[in-house]
Amino acid sequence: MAKPAVIIVGADKGGVGKTTVARTLLDYFTAHQVPVRAFDTEAPRGTLKRFHPELTEVVDVALVADQMKIFDTLNSAESAVTLIDVRAGLMSPTLKALRDIGFIDAAKKGQITFAVFHILGPTIASLDEITETAAYLGDARYFMVKNFINNTHFFEWDEATHASYFKQIKDAVELVIPKLNEMASEQVELASVPYLTFIANKKQSGEPASYSFVLRGYVRHWLGNVWAEYDRINLTDIVVARAPTAAVAKVQARG
Amino acid sequence: MPGSQAHKPVLEHANEDPGGCGRPPAAEKKHTSIFIIACPRPQVGKTFVARLLIDFLRLKGTDPVVFDLNPSGDALCDYLPGLARVADLSEIRSQMVMFDRLIVDDAIAKVVDLSHTSFERFFTIAQEIAFFKEAVGRSIEPVVLFVADPHSVAINAYADLCSRLQGGITIPVFNDGTLKGQKLRKEFPFARAAAVPLYISALSPMLKAQMEKSRSSFADVHERLPPGIPIGLAFELRSWTRRTFLEFRELELRLLLEKLRASLPGLRL
């Protein structure tokens with residue numbers, strides 16, 4: 001049986017494109033027939049929910065009731081993947097809460113696949129975020145995402161400084177999200193639909209739309225490049241990994 | 001990113017409504033063609049070929065949609081101010097104005113006069129937004145009329161275009177007015193029957209100057225002898241125009257025949 005997978009998309013800083021990355025991930029799983037559900041922690045009105053209303057529920061991760069809603073249903077939910085779009089500033093508190101409820105340990109034992117997409121901002125503060133995050137990660141798959149969608153110019157990281165932060169997290173992998181043309185980005189925002197729906201020239205209701213062919217072309221090209229990054233890290237293989245047998249789990253638990 | 005190729009089928013399949021809403025069924029539609037007159041070299045006669053083609057298309061009774069990508073001087077807009085629209089690839093709004101219009105399957109022919117400076121940019125954008133594939137998906141026929149030139153830049157660009165243009169057809173045009181007898185058939189090979197080169201014989205400089213000066217339409221010359229020039233020259237002009245239009249007519253027939261062959265694979269045509 002495939003074990004449940006939880007993906008956290010977050011950053012402590014706002015405006016770095018967390019929801020954009022979450023949207024591309026939802027489109028990616030949908031296109032690859034991987035059942036997925038999403039939680040948007042931007043309560044009360046989530047941005048992710050606006051684009052993916054059928055997959056997304058808005059929650060407050062600080063509330064125990066909402067934590068139960070997410071984590072107590074991991075095994076019973078029809079979705080193989082649970083994606084949590086963490087609001088700015090809540091990344092570290094969320095990871096702390098996960099540790100406190102024993103989630104990180106469950107991931108360590110191989111009962112759950114746990115991946116973190118840490119969206120980096122352009123400042124040195126992002127490197128400090130890595131340090132803070134590392135303390136909670138356990139055996140999570142950790143992806144540092146450089147998101148150029150907001151025309152971000154990343155500082156030139158000094159190699160030694162960069163390495164010193166980077167190596168704090170075992171098997172950390174860097175991902176690059178290329179820039180999408182501003183007008184194309186703006187039109188998808190206005191349309192309030194998933195990227196795939198925009199490319200298919202449809203409204204949220206499924207009715208035909210009349211989006212610009214040029215803009216749809218740019219979005220398709222960009223999304224293809226973003227998904228190429230997800231292919232590079234074998235994302236579908238990561239999230240549909242099988243649960244260990246009882247014997248293996250026991251050995252892992254002892255270890 | 002080379003890996004992005006892997007997702008093309010998924011992302012293309014997502015394009016379920018390429019034509020937008022309310023399109024009539026394919027059987028009811030008339031045929032739409034897009035002609036792109038191109039060469040990465042200047043002064044090869046692209047605008048002249050575009051003008052001839054437009055006049056040929058106008059003979060059928062419907063004005064084509066024309067985009068002029070020449071930044072300045074001797075541009076199509078000077079000859080056809082009411083018909084040709086100036087286009088610009090430098091910013092996205094202008095790209096939308098042009099490509100969103102070109103891709104409409106409305107049975108109206110489209111002509112793009114591509115300047116040598118816009119050549120690379122145009123085909124890069126077209127490839128990025130999958131313009132040619134989308135056009136074919138909508139049963140629109142994209143045709144690149146590549147005006148031949150002996151320079152290696154043109155020869156290499158032609159070979160490159162033939163290999164990278166998925167969905168469109170690239171046809172060499174030998175314009176004897178600029179080639180002046182040079183034979184370039186080997187340098188511009190073609191593999192498809194519909195891509196047989198077009199030959200435009202040289203128009204005497206006097207007549208060419210006359211046509212440029214008067215801003216007359218070749219379509220008018222085709223119909224009746226032009227006034228104001230000696231009768232001998234008028235006959236020569238009309239004969240040349242008819243010969244040239246015949247090249248375009250034969251091109252249309254070759255394209256049509258290729259379509260028929262594709263739709264009736266068992267039939268020998």
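In what follows, chains are A, B, ... by sequence order, proteins preceding strands, each numbered from 1. The figures here come from the full heavy-atom set of this structure, side chains too, leaving out hydrogens, waters and symmetry mates. Not measured: the values here are computed from a predicted model.
- The local environment of CD in B/Gln43 is sparse, with at most 12 non-hydrogen atoms from other residues, nucleotides or ligands closer than 6.0 Å.
- Annotation: side chain of A/Tyr218 is in contact with side chain of B/Ile125 (closest heavy-atom distance under 4.5 Å).
- A side chain to side chain contact (heavy atoms under 4.5 Å, CB included) with A/Val214 holds for exactly one of B/Met98, B/Glu128, B/Gln95; it is B/Gln95.
- The minimum heavy-atom distance between B/Phe99 and A/Phe213, with the atom names listed, is O-CD2, 4.2 Å.
- Using a 4.5 Å heavy-atom threshold, the side chains of A/Leu215 and B/Asp100 count as separate.
- Dense packing is recorded around CZ of B/Arg164, with more than 12 heavy atoms of other residues, nucleotides or ligands lying under 6.0 Å away.
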